[in-house]
Trainee: 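Let me begin by handing over the structure; questions about it come next.
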Number of protein chains: 2
Amino acid sequence: MTVMETTEPGTDTCAGPPRATRRPDGRDQYTISEVVAFTGLSAHTLRWYERIGLMPHVDRSHTGQRRYRNRDLDWLDLVGKLRLTGMPVADMVRYAEMVREGDHTYTDRFELLEATRRDVRARIAELQGTLAVLDRKINFYADAGRPLASEGSR
Amino acid sequence: MTVMETTEPGTDTCAGPPRATRRPDGRDQYTISEVVAFTGLSAHTLRWYERIGLMPHVDRSHTGQRRYRNRDLDWLDLVGKLRLTGMPVADMVRYAEMVREGDHTYTDRFELLEATRRDVRARIAELQGTLAVLDRKINFYADAGRPLASEGSR
DNA sequence: TAAAACCCTGGAGTGCGCTCCAGGCAAGCG
DNA sequence: CGCTTGCCTGGAGCGCACTCCAGGGTTTTA
């Protein structure tokens with residue numbers, strides 16, 4: 001009934017999903033609104049991804065409606081991961097293009113992935129540095145500010 | 001010859017209020033271009049930070065030029081850290097406002113910092129998930145060592 | 001003392017990643 | 001049959017975080 005809209009609720013099971021396959025098995029065809037429900041992306045965004053070339057061609061029904069398949073969901077999964085590394089969409093598009101172009105882009109793809117991995121590692125390190133700062137600051141606040149932390153309830 | 005870049009991992013050790021470190025000692029007054037060199041931010045950005053209320057008011061010379069002091073650099077340091085957690089500038093402004101407002105915002109500040117810390121931890125976890133995906137994919141590419149695509153596309 | 005280098009302001013412009021709009025098919029139902 | 005729901009398209013619009021510009025003072029160097 002109300003599967004529409006871009007809201008986020010749905011699965012609130014932590015952040016990082018160790019997903020293996022949480023897909024309605026058997027099926028290999030989904031409408032855009034189903035994909036919205038799966039990915040948390042909006043339909044607008046899904047169509048936009050396609051327009052800019054971030055998606056491999058998505059199948060269409062005989063009336064022109066999108067029919068996503070499992071491989072599309074897998075791809076969106078990867079895109080989602082890359083997205084939260086901060087990789088610009090343009091770079092992902094480049095990667096998608098290389099995939100489409102075939103085997104001779106093999107090495108380039110490999111290198112792009114490795115570069116990305118380096119970036120991710122660097123970002124994790126940065127964040128850990130930030131965490132250290134926050135910890136220090138929080139401890140400082142906690143030590144200095146006696147009038148808190150004793151709030152019974154909650 | 002600039003010292004820019006934020007690549008310092010676990011610099012400084014002490015945890016607390018005073019934190020003078022690796023700054024042209026003795027001095028406590030810097031022009032905007034010196035701050036640019038220190039922080040890697042542009043002068044535009046520094047002025048913009050001030051306009052939007054992200055900076056406590058910066059001293060001025062008798063002719064109206066900015067004269068940053070060590071406490072300003074410390075603040076910019078924190079801002080830089082928070083920035084790379086992805087915290088929106090608006091939130092940092094809110095924090096800055098609370099600092100200006102005085103002690104009665106103490107608890108709120110504390111909570112904001114803690115919430116931020118939770119976010120950072122979550123983001124680190126996400127990134128580590130992404131790292132795992134990248135590792136798998138890179139290994140796959142490396143192992144295959146030969147054309148073949150299972151990018152979820154064709 | 002003149003040129004060069006540096007700094008000031010308010011406001012407009014930019015790039016990114018969406019997000020929304022208007023207008024319009026297609027299918028299911030009551 | 002009309003109504004509602006779901007999807008389609010191209011293009012305009014938005015929020016964020018800067019970034020740049022015009023026009024004009026000030027400070028330093030030669």
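Throughout, a chain's letter reflects where its sequence line sits, starting with A, and its residues are numbered from 1. What's counted below: heavy atoms across the whole structure, side chains too, no hydrogens, waters or symmetry copies.
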Trainee: Using a 3.5 Å cut-off and no angle test, enumerate the donor-acceptor pairs between side-chain atoms of residues 47-60 of chain A and protein atoms at least two apart in sequence or in another chain.
Mentor:
unit_1  : atom_1 : unit_2  : atom_2 : d
A:Glu50 : OE1    : A:Arg66 : NH1    : 2.7
A:Glu50 : OE2    : A:Arg60 : NH2    : 3.3
A:Asp59 : OD2    : A:Arg69 : NH1    : 3.4
A:Arg60 : NH1    : A:Gly64 : O      : 2.8

Trainee: Could you state the CG-P distance from B:Asp91 to D:dG15, rounded to the nearest angstrom?
Mentor: 17 Å

Trainee: Does B:Thr31 have a side-chain nitrogen or oxygen under 4.0 Å from the phosphate oxygens OP1 or OP2 of C:dC6?
Mentor: no

Trainee: Atom pairs, N/O to N/O, protein against nucleotides 8-11 of chain D, distance under 3.5 Å?
Mentor:
unit_1 : atom_1 : unit_2  : atom_2 : d
D:dC8  : OP1    : A:Arg66 : N      : 2.7
D:dC8  : OP1    : A:Arg66 : NE     : 2.8
D:dC8  : OP2    : A:Arg47 : NH1    : 2.5
D:dT9  : OP1    : A:Arg60 : NH1    : 3.3
D:dT9  : OP1    : A:Arg60 : NH2    : 3.1
D:dT9  : OP2    : A:Arg66 : NH2    : 2.0
D:dG11 : N7     : A:Arg51 : NH1    : 3.0
D:dG11 : O6     : A:Arg51 : NH2    : 3.1

Trainee: How close do A:Phe38 and A:Leu73 get, counting heavy atoms only, and between which atoms?
Mentor: CD1-CD1, 3.9 Å

Trainee: Sequence neighbours left out, cut at 3.5 Å: what donor-acceptor pairs do the side chains of residues 111-122 of chain A make with other protein atoms?
Mentor:
unit_1   : atom_1 : unit_2   : atom_2 : d
A:Thr116 : OG1    : A:Leu112 : O      : 2.7
A:Arg117 : NH1    : B:Asp135 : OD1    : 2.7

Trainee: Taking atom P of C:dC18 as reference, at what distance in whole Å does atom CG of A:Leu84 sit?
Mentor: 11 Å

Trainee: Assign the ring pair A:Tyr95 / A:Trp75 to parallel, tilted or perpendicular, where the plane angle (0 to 90°) is split at 30° and 60°.
Mentor: parallel

Trainee: With respect to the side chain of B:Pro88, which nucleotide from C:dG17, D:dA17, D:dT19 is positioned closest?
Mentor: D:dA17

Trainee: Please report the distance, rounded to the nearest Å, between CG in A:Leu46 and C1' in C:dT19.
Mentor: 13 Å

Trainee: State, to 0.1 Å, how close B:Glu34 and B:Tyr30 come at their nearest heavy-atom pair, and which atoms those are.
Mentor: OE1-CA, 3.0 Å

Trainee: Considering residues, nucleotides and ligands other than B:Arg123, do more than 12 of their heavy atoms fall under 6.0 Å from its CZ?
Mentor: no

Trainee: What is the distance, rounded to the nearest whole Å, between atom CD1 of A:Ile52 and atom P of C:dG15?
Mentor: 16 Å

Trainee: Over how many whole Å does the gap from B:Met92 atom CE to D:dC18 atom P extend?
Mentor: 7 Å

Trainee: Measure the distance from CD on A:Glu50 to P on C:dC18 and round it to the nearest whole Å.
Mentor: 15 Å

Trainee: Quick one: label B:Ser33 by what it contacts on the DNA or RNA (base, sugar-phosphate, nothing), any heavy atom closer than 4.0 Å.
Mentor: sugar-phosphate

Trainee: Ignoring backbone atoms, test whether B:Tyr49 places a side-chain nitrogen or oxygen under 4.0 Å from the OP1 or OP2 oxygen of D:dC18.
Mentor: yes

